[in-house]
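To find a chain, count down the sequence lines: A is the first, B the second, and so on, and within it residues start at 1.
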4 protein chains.
Amino acid sequence: MIGADRPLRADARRNRARVLDVAAEAFATEGTTVPIDEIARRAGLGVGTVYRHFPTKEALFEAIVLDRIQRLAGTAQAARSDPDPGTAFFTYFTCLVEAGTVNKALFEALATAGGQVDTTALRAASGELLTALGDLLGAAQRAGAVRADVEPGDLQAMLAGALAMERAGAGPPGRMIAIVCDGLRAAPPH
Amino acid sequence: MIGADRPLRADARRNRARVLDVAAEAFATEGTTVPIDEIARRAGLGVGTVYRHFPTKEALFEAIVLDRIQRLAGTAQAARSDPDPGTAFFTYFTCLVEAGTVNKALFEALATAGGQVDTTALRAASGELLTALGDLLGAAQRAGAVRADVEPGDLQAMLAGALAMERAGAGPPGRMIAIVCDGLRAAPPH
Amino acid sequence: MIGADRPLRADARRNRARVLDVAAEAFATEGTTVPIDEIARRAGLGVGTVYRHFPTKEALFEAIVLDRIQRLAGTAQAARSDPDPGTAFFTYFTCLVEAGTVNKALFEALATAGGQVDTTALRAASGELLTALGDLLGAAQRAGAVRADVEPGDLQAMLAGALAMERAGAGPPGRMIAIVCDGLRAAPPH
Amino acid sequence: MIGADRPLRADARRNRARVLDVAAEAFATEGTTVPIDEIARRAGLGVGTVYRHFPTKEALFEAIVLDRIQRLAGTAQAARSDPDPGTAFFTYFTCLVEAGTVNKALFEALATAGGQVDTTALRAASGELLTALGDLLGAAQRAGAVRADVEPGDLQAMLAGALAMERAGAGPPGRMIAIVCDGLRAAPPH
DNA sequence: AATGAATGAGCATTCATTCAT
DNA sequence: CATGAATGAATGCTCATTCAT
C-alpha cells in the first residue's frame, strides 16, 4: 500500500483550492443550485477536474462547510481563555453568528439541523462546535450571566435565529445579535 | 382590453382553488422544488389547467404567499384592539412567527428579504404587513414596553430570526419566541 | 380512479409506436449502447417524448423484447396443432431461432439467461415461451423423434447456440439450424 | 525509422505483461466495459503507463485476444498428430470451444464475426486458426467422420454456436458440444 | 519511462412550459 | 376551458485520452 494520502502535486493542490474557493463563493452567493459545470467554468477548469477532487456535488459542499466549521471549532479555544464566563460565551456566540453571516453555505449547515446535505462528518463537526458552545453556556449560567431556562439543545436554534436576523437586518453587523444576547441575559419569567 | 378579471366560471373557480390548496400544502411541506406536474397530479388536474390559472410556477408561488400574507395583515386589526400597546405588539409579532413556522412557503417569503420570488405585489403585501407591525411597535415603544433603539426597519429581521429559531428549536412552540421578545423588552445598553 | 390505462390519444399512440420501431431497429443493429437522444432524433421526436412513454432506457428495451417474446409465445399454439410431435417441436424451435436471428435485442434476451436487462416481466415471458417449447420437447421425445438425454433445461442453451450459428453463418437461413436439429435427433452415445 | 520493436526495458516488459494479465482477467470476467482507469488501478500502475503500451482501449483488447488466438492456433499442431482424422477434428473443435467458454473476451472475438473490435491483425489470426480447423475438417470428411455438406466457411458459425450453448448451458462442460458434434456427424438429408 | 492530473464530449434523466386535441 | 402529449434546455456524472511533472 502506498501512502494513502500522499501530498498532492503542486498544480493539483492549486486546482483543488481554486475549486473550493470558487464553489464556496458560488454556494455562498447563489445557494447549492449552482451547476458544477458553472463552478468548473469559473475556476477555469474542466468538469472532470472538479469531479476528480470531489466525487460528488454533495461531497464538494460538505468539504466546504466542513472546512469552515472546523476553523470555527478552533476559535472556541480563544473564547474559553476569557476569565469572565459571560463574556466568553457571548463572544463565541457572536463569533459563530458573524461567520455564518458571510457564508450562505455555512449558514445553511449551521441553521438547518441537517439541511440539504447531512453527512456523518458534517454532523460530527457541528456537534463538536455545539458542544464547545454548550460548555461555555453552562459556565455562563453558573456565573449568572445567562438565564437558567436555556438549554444546550436550544443553542442551534439560537444560532439559526441570530444568523437569520443578521442576514436579514440592515444596520451595522452585531446590532441584531445584541438583541438576542439581551434576551438570553434576561431573567426568566416567574 | 376585455374586463380584466371577469368572474370565473364555477368549475374554473373550483379548479383554481384546488390548485392553490394543493400547491400551498406541497410548497409548505416540501419547498418549492415540487414539480408542477406533481401538483397537477395531486389536484387531479392536467398541467395545462394549472398553467391556465398561473402562467408560471413563480406566479403560483406568489399567489399562495400573497394570500397568506394578506390574511395575516388582516389579523393586525384584532391585535390593534388590545388596550395594552405592549401586549398588542407582542401578540401580533408572535402570531406572525407562528404562522410562518407552519408554512415553509410563507417562511421563505417572510424570512428572506426578497427570497427566491420577489415581485412587486409580494413586496407591497409584506410592506403592508410590516407597516402594521411597525405601528404597533411605535405605540409599544411610547408606552415603554419595547426598548427604544429598535427601528421599524429591524422588524423583518426580527421576524426572520424568530422564525428560524422556532423552526430549528425543539421545545414547545413559543419558547424561542419568548427569548427574542425578552430581548426586545430589555433596556438598551447605555 | 380514472381508468388506469385509458387508450392513448391517436398521435401519442403513433409516437409511441414510432419510438418502439426506431428503438427496436437501433438496438437490433447497434446494441443497447445507442443513446436515447439518438433514438429520439431518428424518430423525429424530443427526448422528453421518449421518456414520457418509457420512463427508463431499460424500460424501453424491455418493452421491445417483451413484445417480441409475447408474439412468439403465441405462435406456439400453431406448432402444437401439428399431428407429428417431432415436426411440431422442430418447427417451433426453428421458428424461435429465426425470429431471434433478425432481432439483436430479442437475441440478447433469448440467448443470455438474463442479459443486460433482466426484469420480472421479461423472465416471466421467456419462461412461458420455454415452457411451451419444453412441452413440445417432451412429446417429441416420447415419440422417439428427439434423443432422450436432452432436458428441458437445455433448451435455452440450444436456442442460444442455434441463434449464434445462424447469426454468424453465411449460407441460406436454416442451414445451421438443421445441423443442430440433426444433433438433437441423433441417438445418444451408449 | 528507429528499430520498430526494440526490446523493451526489463521493467517495461514486466508492466506490459501485468497490464495484459489484469486486462485479460477483467475483460474475460466483466466484458469490455471495464474502465481503463480500473485496469490501471488493479495493475498497480498509472493510466499513462497503460496507454504507453497500448495506444487505445481497442488496441489493448486486440492484443489480448490476438494472444489467445495465436496460442490456440498453435495447439492445432497437437491435434493434427492424432492418427484418426475424425478424432483430430472433434478434439480440436472441442478444445477451441472450451477455450472460448472460459474467456469472455475471446468469446466475443470468436463468436461474433468481427465483433466490437475488428482489425486486420485479428482477422489474420483468426483466419489462421480457422484454416487449421478447416484442414482438419477436410480430412475428417474424407475419412467419412463428418457429413459432407458442411463447408469450411461454416466453421466460425459452428464455433460461435457451440460457444453460446456451452455458455448458456447448465450441465457439465462438454454436454452441449457433444450435441453439436453429433449434428456434424449425422448423415446429410437426401 | 512512469505517473496521475486535466480535459471535455457524451449520456441518462428531469422539469418548466407550450400547444394540438 | 381542460387535458396531457411534446419539447428541449439543463444537470449530475463517467470515462477514453492527452500531457505536464
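- Straight-line distance from the CD atom of D:E38 to the P atom of F:dA16: 11 Å, rounded to whole Å.
- A salt bridge is defined here as a Lys NZ or Arg NE, NH1 or NH2 lying under 4.0 Å from an Asp or Glu carboxylate O, and A:R41 with A:D37 fails to meet this definition.
- At a threshold of 4.5 Å between non-hydrogen side-chain atoms, the residues D:R42 and D:E38 count as touching.
- If you find the closest nucleotide of DNA chain F to A:T56 and to B:L45, the one lying nearer the 5' end belongs to B:L45.
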- Trace of the side chain to side chain contact (heavy atoms under 4.5 Å, CB included) decision for D:L60 with D:L20: CA-CA 8 Å; D:L60 173 56; D:L20 277 174; 4.2 Å; yes

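- When both distances must be under 3.5 Å, the Watson-Crick or G-U wobble mate of E:dC11 is F:dG12.
- In this entry the distance linking CZ of C:R13 with P of F:dG4 reads 16 Å, nearest Å.
- For the pair C:L60 CG and E:dT13 P, the interatomic distance rounds to 10 Å; values are reported in whole Å.
- The nearest whole Å value for the distance from the CZ atom in D:F61 to the P atom in F:dA16 is 14 Å.
- Remark: D:H53 is not in phosphate contact with E:dA1, judged by side-chain N or O atoms under 4.0 Å from OP1 or OP2.
- Along DNA chain E, the nucleotide closest to B:V34 and the one closest to A:G48 are compared, and the more 5′ of them pairs with A:G48.
- Closest heavy-atom contact between D:N15 and D:H53: CB-NE2, 4.1 Å.
- The shortest distance between side-chain heavy atoms of C:R14 and C:D11 falls below 4.5 Å.
- In this structure, the nucleotide among E:dA5, E:dA12, F:dA2 sitting nearest to the side chain of C:P35 is E:dA12.
- DNA chain F is contacted by both B:T49 and A:D11; B:T49 maps to the nucleotide lying nearer its 5′ end (nearest heavy atom per residue).
- For D:N15 and E:dA1, the shortest distance from a side-chain N or O to OP1 or OP2 is not below 4.0 Å.
- Rounding to whole angstrom units, CZ of residue B:R52 and P of E:dT17 are separated by 16 Å.
- At whole-Å resolution of the value, CZ in C:F54 and P in E:dT14 are 16 Å apart.
- Across the protein-nucleic acid pair, A:R41 atom CZ and F:dT11 atom P stand 12 Å apart, rounded to whole Å.
- With the nearest nucleotide of DNA chain E identified for both A:V50 and C:I36, A:V50 has the one nearer the 5' end.
- Computed from coordinates, the B:E30 CD to E:dC15 C1' distance equals 15 Å when rounded to whole Å.
- For D:D37, counting side-chain heavy atoms from C-beta on, the closest listed nucleotide (E:dA5, F:dG4, F:dT17) is F:dT17.
- The nucleotide whose nearest atom lies closest to any side-chain atom of C:Y51 is, among E:dT14, E:dA6, F:dA6, E:dT14.
- Across all strands shown, E:dT21 forms a Watson-Crick or G-U wobble pair, both distances under 3.5 Å, with F:dA2.
- When distances run from any side-chain atom of A:K57 to the nucleotides E:dA16, F:dA6, F:dC13, the shortest one goes to F:dC13.
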